[in-house]
Amino acid sequence: MRLWTMLCGNSEQLHVPGNKWSSGFLAIINPYSCANHILVISIDILLFFSVLLTLVFQAFSKKLILSRGHSAISISTAFYNGCLGFLYLVLGIWKVEQKVQKEDTVFPMHGWLVVLAQGFTWVFISSYIILCRQQHPFWSKSYSIMAILLATFLCTTSVLTILEQKFMVTKLVLDILSFPGALLLISTAFERCQCKEIHGCICENDASYTALPGEEASTSSKTVNARENLTPFANAGNLSKMCFWWLNPLIKVGRMKILEGEDIPQLRVADQAETCYLQLTEQLNKMKKKNPTMNPSILRALFLYHWKDILVSGIFALIKVLTLTTGPLFLNAFIEVAGGKESFKYEGYALTAGFFLAKCLESISERQWCLITRLSGLQVKSSLTAAIYHKQLKLSNAAKETHSPGQIMNYVTVDADKVGEFPFWFHQFWTTSLQFLLVVFIVYYSVGLATIVTLISVILTALANFPIAKSQLRYQTNFMVEKDRRLKAITETLTNMKILKLYAWEKHFLNVINELRKGEMVWLSALISQRGCYMMLFWTSPTIISAATFLACYFLRIPLFSSNVFTFLSCLRLVQEPTRRIPDVIGAFIDAKVSLSRIVEFLEAPELHSKHDVKRNCNEMKLNLSLSINSSEISWSDLSKPTLRNINLVINQGEKIAICGEVGSGKSALLALILGEVPYVNGKVQVCGRMAHVSQTAWIQTGSIQENILFGSAMDQQKYQLVIEKSSLVKDLEMLPFGDLTEIGERGINLSGGQKQRVQLARALYQDADIYLLDDPFSAVDAHTASKLFNDYVMGALMGKTVLLVTHQVEFLPAFDSILLISGGEILRAGTFDELLTGSLEFQGLVNAHSSYSATAHQGDNVPKRAKYAERDSIAVDFQETSAAPRGDQLIKKEEREIGNTGFKPYLYYLHQGKGFLYFSLIIIAHLLFVIVQYIQNYLLASGVQDIHYNRFKLVLVYFLIGCVLVIALIFRSLFLVGLAVNASKSIFYTLSSSLFSAPMSFFDSTPVGRILSRVSSDMNSVDLEVPIGFTVALAGAVNVYATYGILALLTWQVLFVIAPMICLTIILQRYYNASARELMRLNGTTKSSVASHLSESISGAMTIRAFGGEESFFSKSLILIDQNAKACFHSFAAVEWLVQRLEVLGAIVLSSWTLFIVSLHQGTFSSGFVGMVFSYGLSLNLSLVVAAKFQCSLENSIVSVERLEQYMRLPSEALDVIQSNRPSYDWPAFGRVEICNLRVRYRPSSPLVLHGISCIFEGGEKIGVVGRTGSGKTTLISALFRLVEPAGGKIIIDDVDISTVGLHDLRSRIGIIPQDPTLFNGTVRYNLDPLSQHSDMEIWEVLNKCQLKEAVQEKEEGLDCIVLQDGSNWSMGQRQLFCLGRALLKRSRILVLDEATASIDNATDLILQRTIRVEFTDCTVITIAHRIPTVMDCSKVLSITDGKLVEFDQPEKLMTKEGSLFGELVKEYWARAKNAGG
């Protein structure tokens, strides 16, 4: 009892004004009571001795080592907490001195002892944590947690006391300040530090990523390389992260120069795509092990991976909500102070300081919340993008029917983005609810039972959301479906643009895409309208709710004063932004749900499992065995007829096997079976060794020739040179502008067909595989080159290798060990050439067809040899490439992007679209009307509540009627927004699509399709949804900010001295930020295009990639590209938070200055009603400033999409489609006479000539053969005839009409062509033959019969409506060429061009088709480009070209007898091979 008296004296009652807490629990939480002091002293003593015992134990165990290096956060912690502890000690000593002077005793001791104990303990525990945290992290973290718990208790009790008793003393201030000190302590304790003997310690955040088991090796080299330019965020201290100081160097660089990709630091290892993908797959594998029967939930896996980030960001979100909710409490206190009801002398100043600190804490917490969730979203996006890419490399053929290349592109460019955005919105669900709950308590404090009416109004408003949200889900789903259809059509169209131009189908396909866009616009209009309804509903809800509440107060006789009215209104303003964002939250949830379901459906699609069943360890098989197949039925789907039947095949190592048969017999399917591409195999396939595959349709990567040949392998110079020689590429590389470093366009667009095949052959040879699968690679090269390749490559370089060669060229067959004769999906016979020739009638027919086919060339057996051509190798130079890429200038350009500040140019360009200026002006007028009327409404309310005689019902009625005017203004603003969005999107898309379809072929040759697709997908999506909303909200926020500044100045003009510099600083900060952010966003766009281009290229070449086992290297490249995009994206949104935090501090300074002026200069001058009104506006200043800044930044970023689209909206155009003043007659050309006059062609103004003054005349009805070695300029001549390239000189005249004087559509639609690359479109057989629907079914069947396709189509149940997959992948190459022949037969032009039209069909079928062409086009001029000499032997004349010059032009019989004739040499070469085959 004596001890209690010494500590507490005889009475617990303190002589403090208004003190009511003297007993029980209230005494414990009363910071003046002895019970509270004893509790704090006990905790301090416990902490002190715990730390002391820890130190003693560590000293005796020789583990006490003090840290020698300190981070910025630890130094800040030491300074802050040292000062705090010193102030506690000074206050305690002063209290002891005052006690002795006034009472001559130190008893009771609790008043000063608690302060001294707190001071000693705080200094002691702070010193321990700072000095020993690195060597003893567990104890440091434990004591820091205890410290923050104690500080939370002290801070909470002190704040409650100040608010309740309106009384403040120094100790309470120190107790409140202990909470930030404890936060610094826990931040320091949880820093992770790496200590070294010499350099001290380097500390970074404890949450840094720890590599997965087995991942260290894959990431170590990457970490070493990236460390020099690693983002400062990785090693930043907590204080630097809180204030975004780590971003200052990049912002500074961006201000000084135009940012480039290398200026942007690399991501942390934890944020890189490889890490994110491995984490995702690890979680999925764990879930799969737990429940093998079910597909693991990707959503759950993502949550398990990111739960820590979700928790940390949730804590910051909670702090933000709590600090934000203090605003109405401060407002109420300021109104009391303005009314002269101060609780203590300097309460106004204390409130100003407290308000400023609360705003700063709110800003820090919200910015960290945003940064962490954005970073988590970026990790989610990277992991999903990587998973999608990895999946498409394994996608089965059945799944490809459901997931087209355009859809897969959409999954990456749109859906992964939307799922990645969701973490940012996740906490909005519960924080909005919590904020509403806290506001309800404050509202009840203000208006009592009228809160019930407020709640009912809020609930009714929320219920109004459900039908809108339901419709939004439907609108969004349908919008995405329509977008997929459009992108699928655009992808197919862009890939085959050359074919469309040759057939003059551009307008038709453009109309198809525009019709798809119209369907998309219906849902876009509904989506924007629905979002406009959301905006209108939630901007008007505060007016409706407040009017209903005030009316309830009138009937319940609850008095309305300025304090409760404006506290209530500030609460509604407080929740206005969360309620305004409810549509965005719901929209983000719906978008993420729809997009994730689409991605999950794709990731769960069937894969190619058979490939894993094909490859076996060689030890399991006989050592001399390469391949074994024993299968009864093989098919591409479980519902279709078997593609191959009864395949029993054994091939030993080193054997050369030829595969021959008619078109569509199953030759390519057999190779696909060996590769593991056929999914349904009833039997067993065994392969021993590595395989290399050369496809019939060449697949070439975008990049250099060297990169294509190496295909990810290391460079071996000697081996590389040998490969070049064996593939007949030496002369090509010598004449190319950059040799083997020459950049190749997408799909090898700037190489000839023969060059592409030889690059493929070189790629296969360099891999040094065991088994080579060659799918008719010689059909694209001339006879001489084919012979040389066969001898040097197949029989020479591949000696000792197992080779399976599909070929229609009978002359090569005698050299093979065995020949497989395939017909109808079965191997009819297998044996040597002689065995089959004597024992197989079918094979005899094949050889006889070849003999008949080449009989016309027999007379060339005695053609004189021309040394000039006999001694030279095939010179395979594509002049298109040579001219398109002169030295010093590669064909494929780096993607164009705007640089620097483009000012208002993109904004004005957007507003110029579809009456944009009109709609935008109307939006401005509507919002200005809203702001002005809202101010009038609040002004009348503020003046009315001051007048106690003013009728309250009349006041509420006027308030409500003015609110109705606000509703009308918002309705019109929403309607104008819909008009702006829909009309601008329509105008931009139609201009863009017209520009693309009118662009010359040179544009498509030098521009990867993925680069264009990123524009028409993600950039167009931004223009559809983000730009119009950004315009409206950014405008509204800016108007609100300046309106608030004006209202603050109306009451206290002195605040203008603060507002003016703050506005200047705001502008300076925004300009400083924009210089970097603009370039970051542009780099984000260009790197996103790279991701899209790589994905598009990989989809088209997936089979080749799998055949070479290149999945991992291509996947690694995709991870690098994803990281390049992610680092630009990360620093872009971090820069937004950097700016917003600084703007929020400026806003807090403005409002705090206003309150300071009110307190110091104008206290009592203005009525409390006007002070409450202005302060309620001021509370929304930060929000308006942030909304304005963020949406301006968002708009600045989104407007980059307009810039990127505008680049492709002003492409140079081809000539006019139709020249009305010079349209040819309906029957032109009537005769088909073609006169070529001194024709000179170059592909670019600065490039050399490709054709050098060619002059000749093709009389009407003549059959002209065009021959020449690979790359001599044959295809260029055809391009000039169709005006795919305009002549540099000379002209072409058809039936006395200069083709340069007529429209392109009129020209191309009158000339028929069977192109070198047969192309089919996604649709039906009928659509592919007659897309313009100009012919009857009977005509189509007749044509199919002539093309030898009738039986193949009749076998399908749907007939003419049977499905053709994208690129015609469910039809063989030969069948695709026959379809192209069918188009020509339907068109029946007077001029027909055959560009290697029968290269991929067998000789027997070729004979039938040549006979068909002779019969069907008897009176037509037929221009044939062919490598097969018999194809042109029956021509009227032959045109020989070499090096772009006309060498000879005469009848074939005369040319063969002419000394030194190029044509004669070609005939001799061909006959020599035919003679060998026949012999």
Trainee: Can you check whether Y143 reaches V51 side chain to side chain, under 4.5 Å on heavy atoms?
Mentor: yes
Trainee: Going from CG on N81 to OG on S178, what distance comes out if it is rounded to the nearest 0.5 angstrom?
Mentor: 9.0 Å
Trainee: Show the nearest heavy-atom pair for residues F356 and I1149, with the distance to one decimal.
Mentor: CE1-CG1, 3.7 Å
Trainee: Measuring only between side-chain heavy atoms, which start at C-beta, is L371 closer than 4.5 Å to F233?
Mentor: yes
Trainee: Compare all side-chain heavy atoms of I93 with those of W112 and state whether any distance is below 4.5 angstrom.
Mentor: no
Trainee: To check you understand the geometry: which heavy-atom pair defines the closest contact between T326 and A358, and what is its length?
Mentor: OG1-CB, 4.1 Å
Trainee: Using the rule given for side-chain contact (heavy atoms from CB on, under 4.5 Å), can you reason through L375 versus R268, listing the C-alpha separation, both sets of side-chain angles and the distance that settles it, and then say yes or no?
Mentor: CA-CA 11 Å; L375 185 55; R268 301 180 304 175; 3.4 Å; yes
Trainee: Any chance the rings of F120 and F48 have centres within less than 6.0 Å?
Mentor: no
Trainee: Can you tell me if S240 uses its side chain to pair, donor with acceptor, with the backbone of W246 under 3.5 Å?
Mentor: yes
Trainee: Could you give the distance from CG (L331) to CD1 (I442), rounded to the nearest 0.5 Å?
Mentor: 10.5 Å
Trainee: Just wondering, do N248 and W245 contact through their side chains at under 4.5 Å, heavy atoms?
Mentor: yes
Trainee: Should E1137 and R374 count as an ion pair when the cut-off is N to O under 4.0 Å?
Mentor: no
Trainee: Any sub-3.5 Å donor-acceptor pair from T231's side-chain atoms to A234's backbone N or O?
Mentor: no
Trainee: Apply the test side-chain contact (heavy atoms from CB on, under 4.5 Å) to residues L1065 and M1062: give CA-CA distance (whole Å), side-chain angles for both, the deciding distance (0.1 Å), then the verdict.
Mentor: CA-CA 5 Å; L1065 281 175; M1062 290 301 108; 3.7 Å; yes
Trainee: Which atoms form the tightest heavy-atom contact between G354 and F330, and what is the distance?
Mentor: C-CZ, 3.6 Å
Trainee: Are the side chain of S363 and the backbone of C360 linked by a donor-acceptor contact shorter than 3.5 Å?
Mentor: no
Trainee: Taking the side chain as C-beta and beyond, is there a heavy-atom pair between E366 and E1144 under 4.5 Å?
Mentor: yes
Trainee: Would you check if K171 and V114 make a side-chain contact, meaning some heavy-atom pair closer than 4.5 Å?
Mentor: yes
Trainee: L47 and I125: which non-hydrogen atoms are nearest, and at how many Å?
Mentor: CD2-CD1, 4.1 Å
Trainee: Step by step, would you call F244 with I364 a side-chain contact (heavy atoms from CB on, under 4.5 Å)?
Mentor: CA-CA 10 Å; F244 293 90; I364 291 173; over 6 Å; no
Trainee: Do you know which two heavy atoms are closest between S158 and L172, and how far apart they sit?
Mentor: OG-CD2, 3.6 Å
Trainee: Could you walk me through whether T431 and W369 pass the side-chain contact (heavy atoms from CB on, under 4.5 Å) check?
Mentor: CA-CA 12 Å; T431 54; W369 167 19; 3.9 Å; yes
Trainee: Roughly how far, to the nearest 0.5 Å, is CG of L150 from OG1 of T121?
Mentor: 8.5 Å
Trainee: First locate atom CD1 of I43, then atom CD1 of I38, and finally report the distance between them rounded to the nearest 0.5 Å.
Mentor: 12.5 Å
Trainee: Among side-chain atoms of T352 and S1152, is any donor-acceptor pair under 3.5 angstrom?
Mentor: no
Trainee: Side-chain polar contacts of residues 311-324 - donor-acceptor pairs under 3.5 angstrom, sequence neighbours left out - could you list them?
Mentor:
unit_1 : atom_1 : unit_2 : atom_2 : d
S313   : OG     : D309   : O      : 2.8
S313   : OG     : I310   : O      : 3.0
S313   : OG     : H427   : NE2    : 2.7
T323   : OG1    : I319   : O      : 2.9
T323   : OG1    : K320   : O      : 3.0

Trainee: So does K241 get a backbone contact from the side chain of Q368, meaning a donor-acceptor N/O pair under 3.5 Å?
Mentor: yes
Trainee: Going from OG1 on T325 to CZ on F441, what distance comes out if it is rounded to the nearest 0.5 angstrom?
Mentor: 11.5 Å
Trainee: Strictly distance-based, threshold 3.5 Å: is any side-chain N or O of H37 a donor or acceptor partner for the main-chain N or O of P31?
Mentor: yes
Trainee: Could you check whether any side-chain heavy atom of W430 comes within less than 4.5 Å of a side-chain heavy atom of L434, counting everything from C-beta outward?
Mentor: yes
Trainee: Can you check whether L1146 reaches L1069 side chain to side chain, under 4.5 Å on heavy atoms?
Mentor: yes
Trainee: Is the backbone N or O of F153 less than 3.5 Å from a side-chain atom of T156, with the two atoms forming a donor-acceptor pair by type?
Mentor: no
Trainee: Is it the case that D44 and W122 place a side-chain donor and acceptor less than 3.5 Å from each other?
Mentor: no
Trainee: Mind listing the closest non-hydrogen atom pair of I186 and I145 along with its distance?
Mentor: CD1-CG1, 4.1 Å
Trainee: Which distance, rounded to the nearest 0.5 Å, do you find between the NZ of K252 and the OH of Y1072?
Mentor: 6.5 Å
Trainee: How about Y80: does its OH atom have over 12 heavy atoms from other parts shown lying under 6.0 Å from it?
Mentor: yes
